[in-house]
Amino acid sequence: MSTRHRPATRARSKSTPRAGLAKVATGIDGFDEITGGGLPEGRPTLICGGPGCGKTLFALEFLIHAAVRGESGVFVTFEETEEDILKNAASLGYDVADLLKRKRLTLEYIRVERSEIEETGEYDLEGLFIRLDHALRSTGARRIVLDTIESLFAGLSNSGVLRAELRRLFGWLKERGITAVITGERGIDTLTRQGLEEYVSDCVIFLDHRVSGQISTRRLRIVKYRGSSHGTNEYPFLIDRRGIAVLPVTSLQLIHKSSSERISTGLDWLDEMFGGKGYFRASSVLLSGSAGTAKTTLAAYFLDAACRRGERAVCFQFEESPSQYMRNMQSVGLNLNRWVKKGLLGIHAARPTLYGLEFHLATMHREVDEAEPSIVVVDPLSSFTGASIDEVNGMVMRLIDYLKGRNVTALFTHLIPGSGASQELEVGVSSLIDTWILLRNAPPGEQGGRHLSILKSRGMAHSSERRSFELTDDGPVLLSSAHRARRALGVRR
């Protein structure tokens, strides 16, 4: 008997809750991932937040991405005219005018005047329902945006009527099975000014734009989502020339696939220290050391080796411009400019204090998505000295998590100044790293190069010896024992 009932049990577990609640994709990078598919189909969703946090853009992208796929939508605005919407969308690269021409998108500007409401006495939404019904029927749209709800009720002082009409509006949309996005302004002690919209909505998304240490960051939080599991963290998001991108904090499980493939460090003698094979592909590597220990040079040779194999690589520079970086690497025998010209190497430079950590992380995600590299170098992590240790560790964890999920090998450099918070950062970051290489300059009074030691390398045999090397016109060259002895005695060849 138990055998006959097992298939039915499995079928029920598959159908709930995900199959029970239909969802529509928003097309917004990262958002559909944290919601398990997008917004609830045929139900109202509230997007709330303060001014400048991205509510209108979120709602507009929700319609535009669907319109590009052939689904019609209606955008109802109570604040901005059609001309304003077209200009704002064009600044982000969206050709809304073309979608309007092809009847994939309909813009409805409804002017609401407080004086007119006062003159008429009673206030109801019957006229609005007629316009919305006509717009939806004429286009066959199943998606609609109302931007913003406060403007619609701006002239209504009777709270009882206001609450009744709000419920009526949300009920009207839900009865017709329309997937609706309603934007709302943040209240003083509530998510919205009226304090009711969040209770009658099936999904509530809160957007926040905050400034800390003169650096602004945007964050998204899913306050509620009826009938569906969802991420509960605050998620940083980015608004750039390509619209909105939401960054999941990290994967809920460590489910990355591991690779046994080995890739060269770019230097034969360093490969030998790893059994002649180099690093594991899709692993994470940390080069740490004081100033002048050749961290950037070793990282550049790793990039060069990848390009020689015909693989794409991306370098994020936080201390030098691309031109200066390529010039300096020529002094150690590397011509990185040829790889840039061939499209195999991308060098992206920015001051670490220009944006918050979330913005830098979002930018890295964007660049990696676009370039699809097999190698990524971040040089150096220690530039983010303005952030707390926990914030930098969190950023590195999320970046490593993201890169491993894409089978990308990541190499980070880190400057050790000698003491202070940076040493704590080094210890915290190193626990997330698969391979940790320590670089040191020769002690005072001792002639001869730089020293390299492998502190750890998970899953592989590696040398425990300290190797000495020097930088030459042909790159980092390993010093032999006899050479080191002569150098120590001050004897020249």
Side-chain angles (χ1 to χ4, degrees), residues 261-281 283-306 308-309 315 328-329 331-334 336 375 377-382 409-418 422-423 426-427 429-431 433-493:
E261 181 185 356
R262 305 282 282 272
I263 54 176
S264 174
T265 65
L267 297 165
D268 292 339
W269 60 267
L270 186 53
D271 286 343
E272 289 298 324
M273 296 183 72
F274 292 99
K277 300 177 182 179
Y279 309 129
F280 277 129
R281 186 177 290 282
S283 64
S284 54
V285 181
L286 175 65
L287 303 179
S288 62
S290 56
T293 52
K295 301 182 296 298
T296 298
T297 300
L298 293 182
Y301 266 84
F302 183 51
L303 290 170
D304 182 72
R308 287 177 182 274
R309 295 192 298 268
C315 176
N328 293 345
M329 291 305 101
S331 67
V332 290
L334 286 181
L336 298 180
I375 303 295
V377 166
V378 179
D379 181 32
L381 283 176
S382 45
T409 310
L411 187 147
F412 305 89
T413 69
H414 175 65
L415 172 68
I416 305 175
S422 186
Q423 282 191 330
E426 178 188 12
V427 173
V429 169
S430 65
S431 65
I433 297 295
D434 297 312
T435 298
W436 185 9
I437 297 175
L438 180 64
L439 298 161
R440 296 289 189 189
N441 285 311
E446 178 183 321
Q447 297 183 12
R450 299 159 175 85
H451 304 311
L452 181 149
S453 304
I454 302 174
L455 299 186
K456 75 171 185 179
S457 191
R458 293 169 177 160
M460 69 173 74
H462 57 275
S463 173
S464 58
E465 296 181 4
R466 186 183 73 174
R467 301 291 175 90
S468 298
F469 68 97
E470 65 179 358
L471 293 181
T472 70
D473 293 342
D474 297 321
V477 176
L478 187 66
L479 297 177
S480 64
S481 299
H483 192 181
R484 290 199 301 272
R486 289 197 300 269
R487 294 285 296 267
L489 295 172
V491 178
R492 296 180 180 273
R493 283 190 298 178

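Within the 4.5 Å cutoff, the side chain of L452 has heavy atoms near those of the L298 side chain.
Going from atom OG of S284 over to atom CD1 of I433 covers 4.0 Å, rounded to the nearest 0.5 Å. Interatomic distance, SG of C315 versus CE of M329, reported as 9.5 Å (0.5 Å rounding).
For E261, the side-chain hydrogen bond (donor to acceptor under 3.5 Å, both in side chains) partners two or more places apart in sequence, or in a different chain, are R281. Evaluation of the side-chain hydrogen bond (donor to acceptor under 3.5 Å, both in side chains) rule for N328 yields E320 as partners, not counting sequence neighbours. For the side chain to side chain contact (heavy atoms under 4.5 Å, CB included) test, residues two or more places apart in sequence or in another chain that qualify with S453 are R466. Legend: residues meeting side-chain hydrogen bond (donor to acceptor under 3.5 Å, both in side chains) with T409, ordered by chain and number and at least two apart, are absent. With sequence neighbours left out, T413 forms a side-chain hydrogen bond (donor to acceptor under 3.5 Å, both in side chains) with D379. Applying the ring-ring contact (aromatic ring centres under 6.0 Å, His included) criterion to F302, with sequence neighbours excluded, gives Y279.
Looking only at distances, no side-chain donor or acceptor of N441 sits under 3.5 Å from a matching main-chain atom of G289.
Residues F469 and T293 come closest through the heavy atom pair CZ-O, 3.9 Å.
Put simply, the residue from I437, L439, L286 that forms a side chain to side chain contact (heavy atoms under 4.5 Å, CB included) with K295 is L439.
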